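Okay, so here's the structure we're looking at.
Keep in mind that what you see is a predicted model, and the values were worked out from it rather than measured.
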There are 2 protein chains.
Amino acid sequence: MSLKDVSKLLGVSTATISNAFNRPDQLSVALRSRILSECERIGYAGPSMIARSLRSGQSDVIAVMLSDSLTYSFSDPMATDFMAGITEVLAKAHKQLLLLSSTIKSDAQIRAESLPDGFIFYGAPEGDSFNRVIRSGKPLIVVDFDYPEVPSVNIDNYEACKQLASHAITNASDIPAILGMRLKHNDDHVHPLSATDLDHDKQEISWQRLFGYLAGAQQSGIEILPEHIVHLPINIMSQAEEGARYLLSQPKRPNVILCMSDIIAIAVCKVARELGLRVPEDVKVTGFDDIAEATRNQPPLTTISQQGYEKGQLAANLLLKASNERTMMDAKLVVRESA
Amino acid sequence: MSLKDVSKLLGVSTATISNAFNRPDQLSVALRSRILSECERIGYAGPSMIARSLRSGQSDVIAVMLSDSLTYSFSDPMATDFMAGITEVLAKAHKQLLLLSSTIKSDAQIRAESLPDGFIFYGAPEGDSFNRVIRSGKPLIVVDFDYPEVPSVNIDNYEACKQLASHAITNASDIPAILGMRLKHNDDHVHPLSATDLDHDKQEISWQRLFGYLAGAQQSGIEILPEHIVHLPINIMSQAEEGARYLLSQPKRPNVILCMSDIIAIAVCKVARELGLRVPEDVKVTGFDDIAEATRNQPPLTTISQQGYEKGQLAANLLLKASNERTMMDAKLVVRESA
DNA sequence: CTGAAAGCGCTTACAG
DNA sequence: CTGAAAGCGCTTACAG
């Protein structure tokens with residue numbers, strides 16, 4: 001059923017019906033309420049979004065472009081917290097949510113990019129989606145990475161990790177180690193770094209964190225050896241457990257393990273338990289993110305709060321008001337019992 | 001930039017350019033590749049989805065209509081597992097995902113419903129969205145509820161809970177209790193039921209589960225008293241803890257607590273720990289869902305696996321092949337250490 | 001306050 | 001193999 005059909009049925013022009021739905025000031029209250037109730041009766045739910053978008057150039061749809069697959073993102077507590085914050089703001093603004101992933105490179109995805117009025121990029125994207133959006137001139141916000149002139153939401157990963165490391169490493173004889181996420185590209189194996197790996201571009205989040213840890217350790221006069229820095233390709237329990245087993249079976253067993261996510265830290269606690277090691281007495285463990293489960297872990301995790309929910313709210317609000325701000329959110333050290 | 005602009009620039013008709021993108025068989029390979037590479041060069045990303053949808057009546061967008069707010073859903077592990085399964089299937093089929101919630105009743109939402117080619121309803125929806133979609137004639141799948149003639153994915157909540165209860169209640173002297181989710185409507189308080197509450201429509205999931213528990217208890221010759229059945233308005237830790245504290249401080253303290261979600265069970269374990277009670281020695285605890293954290297809880301939860309991910313995959317696959325099946329998935333008892 | 005008409009950017013049946 | 005033309009369902013500037 002289209003406006004034209006309704007127009008015939010009601011004996012009123014299509015323009016007037018359109019105005020009844022969209023511009024109440026353009027017609028009398030009486031006519032409007034007659035039109036609306038008639039539409040209700042005959043089952044016309046209102047103008048189609050597609051035709052309206054084509055005509056007006058506005059869809060009221062906001063896209064979130066995730067740098068991981070949607071499937072992975074739904075299993076990542078940080079991503080879902082972030083999305084929860086976004087949706088709270090969008091719901092209030094009567095905007096709809098389209099979920100996209102820059103890992104997908106299909107025509108269908110490219111076409112879909114023409115729909116949204118604005119974009120939130122979460123994490124540095126793969127492929128060309130970012131350039132296409134820039135070229136489109138539509139408003140966008142980038143989160144957890146930076147691009148010249150583009151409004152953004154970030155945290156200071158370096159400082160946060162430096163603070164965390166210097167909290168956890170208290171003793172000159174401590175042996176710290178790092179379980180790091182995505183330190184290397186296109187490398188699907190869990191393994192320790194070699195010395196040459198450390199000559200690396202500091203821009204990526206994982207390396208900002210790594211250098212923060214190293215700086216924090218240095219404050220206590222301690223160097224973290226490359227063989228005590230483990231690369232995990234992806235933030236999941238199974239890989240984290242593998243990394244934890246590797247570290248905890250080293251001849252010089254680390255007694256402080258700095259983890260780049262809470263999920264990893266939870267895995268370390270589990271492996272430690274299996275090996276009969278106590279946290280934090282035998283090995284201190286720190287996380288990153290402060291997901292809900294961090295509080296529930298045994299022991300509760302000392303970690304950095306990323307405030308994912310608030311981050312989502314902020315990103316959505318910046319987008320909706322077409323802000324140009326490049327914002328830094330606080331990342332707070334949360335001391336619990338694991339370190 | 002539109003097809004018309006490109007048409008002028010390349011000296012080829014709009015139809016041919018459209019065909020270059022959508023129907024390769026309609027033009028020569030040479031011309032097509034020339035068109036495609038020229039488009040790339042001038043920065044034309046392909047036909048707009050909106051215009052295409054208007055013309056062809058197909059958007060390649062699938063909507064998931066959640067019965068809770070999006071914000072809540074993103075914090076619910078079952079919902080996110082389910083979404084993860086859906087997105088895996090959609091990505092392969094080159095479909096896009098629009099996330100909708102039946103709790104929202106705005107014109108913008110109604111308009112947005114005109115976009116998707118198909119719908120997955122997760123949980124019994126509020127409001128009129130369901131009727132509008134039925135009227136639209138678009139394909140839909142309903143999950144975790146039923147509607148005449150509509151293809152669906154469900155589990156047998158009654159049987160699962162009966163099995164779980166009869167596993168957990170082993171002794172004639174056991175005192176079982178239930179922490180139930182959404183047993184009453186529009187009731188925001190955590191409180192035990194009264195006898196009259198038990199005369200209730202059995203259709204809703206929470207009541208299917210409740211009656212399953214009661215049946216399982218009955219098999220061991222035990223009745224569960226209304227004052228040992230607690231209503232939780234929503235599935236979050238804080239309310240579950242409140243309910244757990246209430247139950248565990250009863251004069252006749254329950255020693256088996258059947259929880260309608262893993263989140264609730266995790267909260268019970270936490271409260272038990274705080275009260276110095278051991279699980280399962282002093283109080284057995286069962287969950288429902290089998291979320292990732294169920295395995296990590298101390299002790300690991302005995303629960304019912306809902307296979308949320310597989311449920312999402314199944315729902316999406318049924319939708320894409322326009323199936324009419326009404327499917328029942330297995331809900332398996334998973335025995336771990338908590339009961 | 002109301003309606004006739006143009007046009008948003010495409011796809012597709014059809015003619016050549 | 002290619003192009004001219006109609007039309008998808010709207011919104012909006014404009015005329016009355």
Can you tell me if CG on A/N186 sees more than 12 non-hydrogen neighbours from other groups inside 6.0 Å? no
In residues 128-140 of chain B, which residues come under 4.0 Å of DNA chain D by heavy atom? none
Among all residues two or more places apart in sequence or in another chain, which pass the side chain to side chain contact (heavy atoms under 4.5 Å, CB included) test with A/A20? A/L27, A/R32, A/I35, A/L36
Answer yes or no for A/R182 and A/F145: cation-pi contact, defined as NZ/CZ to six-membered ring centre under 6.0 Å and angle to ring axis within 45°. no
Between B/L115 and A/Q96, is any pair of side-chain heavy atoms under 4.5 Å apart? no
Judged by nearest nucleotide, the residue sitting upstream toward the 5' end of DNA chain C, B/A15 or B/I50, is B/I50
Who passes side chain to side chain contact (heavy atoms under 4.5 Å, CB included) against A/R55, sequence neighbours left out? none
Which pairs with one or both residues in residues 309-319 of chain B pass salt bridge (Lys or Arg N to Asp or Glu O under 4.0 Å), sequence neighbours excluded? B/D144-B/K311
All stems that DNA chain D takes part in, i.e. 3 or more consecutive Watson-Crick or G-U pairs with distances under 3.5 Å, are C:1-3 with D:14-16, C:5-12 with D:5-12, C:14-16 with D:1-3
Nucleic acid contacts of residues 19-31 of chain B, taken as heavy-atom distances under 4.0 Å to DNA chain C: B/N19, B/N22, B/R23
Hey, is NZ on A/K4 packed in by over 12 heavy atoms from elsewhere, all under 6.0 Å? no
Can you give the first and last nucleotides of DNA chain C, 5' to 3', that have an atom under 4.0 Å from a heavy atom of chain A? C/dC1 to C/dG9
Is the distance between the ring centroids of B/Y147 and B/F121 under 6.0 Å? no
List, one per line, each side-chain donor-acceptor pair under 3.5 Å for residues 315-324 of chain A, sequence neighbours excluded.
| from | atom 1 | to | atom 2 | distance (Å) |
| --- | --- | --- | --- | --- |
| A/N317 | ND2 | A/Q313 | O | 3.2 |
| A/S323 | OG | A/E325 | N | 2.9 |

Near-strand residues of residues 39-49 of chain B, defined as heavy-atom separation under 4.0 angstrom from DNA chain D: none
Residues at least two apart in sequence or cross-chain that pass side chain to side chain contact (heavy atoms under 4.5 Å, CB included) with A/M328, listed by chain then number, are A/N154, A/D156
Would you say that more than 12 heavy atoms from the other residues, nucleotides or ligands in this model lie under 6.0 Å from the CD of B/E40, or not? no
So which pairs with a foot in residues 82-97 of chain B pass salt bridge (Lys or Arg N to Asp or Glu O under 4.0 Å), sequence neighbours left out? B/D60-B/K95, B/E88-B/K92
Can a side-chain donor-acceptor contact be found between B/S101 and B/S69 if the only test is distance below 3.5 angstrom? no
Measure the shortest side-chain to side-chain distance between B/Y72 and B/N235 over non-hydrogen atoms and say whether it is less than 4.5 angstrom. yes
Give every donor-acceptor pair under 3.5 Å between a side-chain atom in residues 78-85 of chain A and any protein atom, sequence neighbours left out.
| from | atom 1 | to | atom 2 | distance (Å) |
| --- | --- | --- | --- | --- |
| A/T80 | OG1 | A/D76 | O | 3.4 |
| A/T80 | OG1 | A/P77 | O | 3.1 |

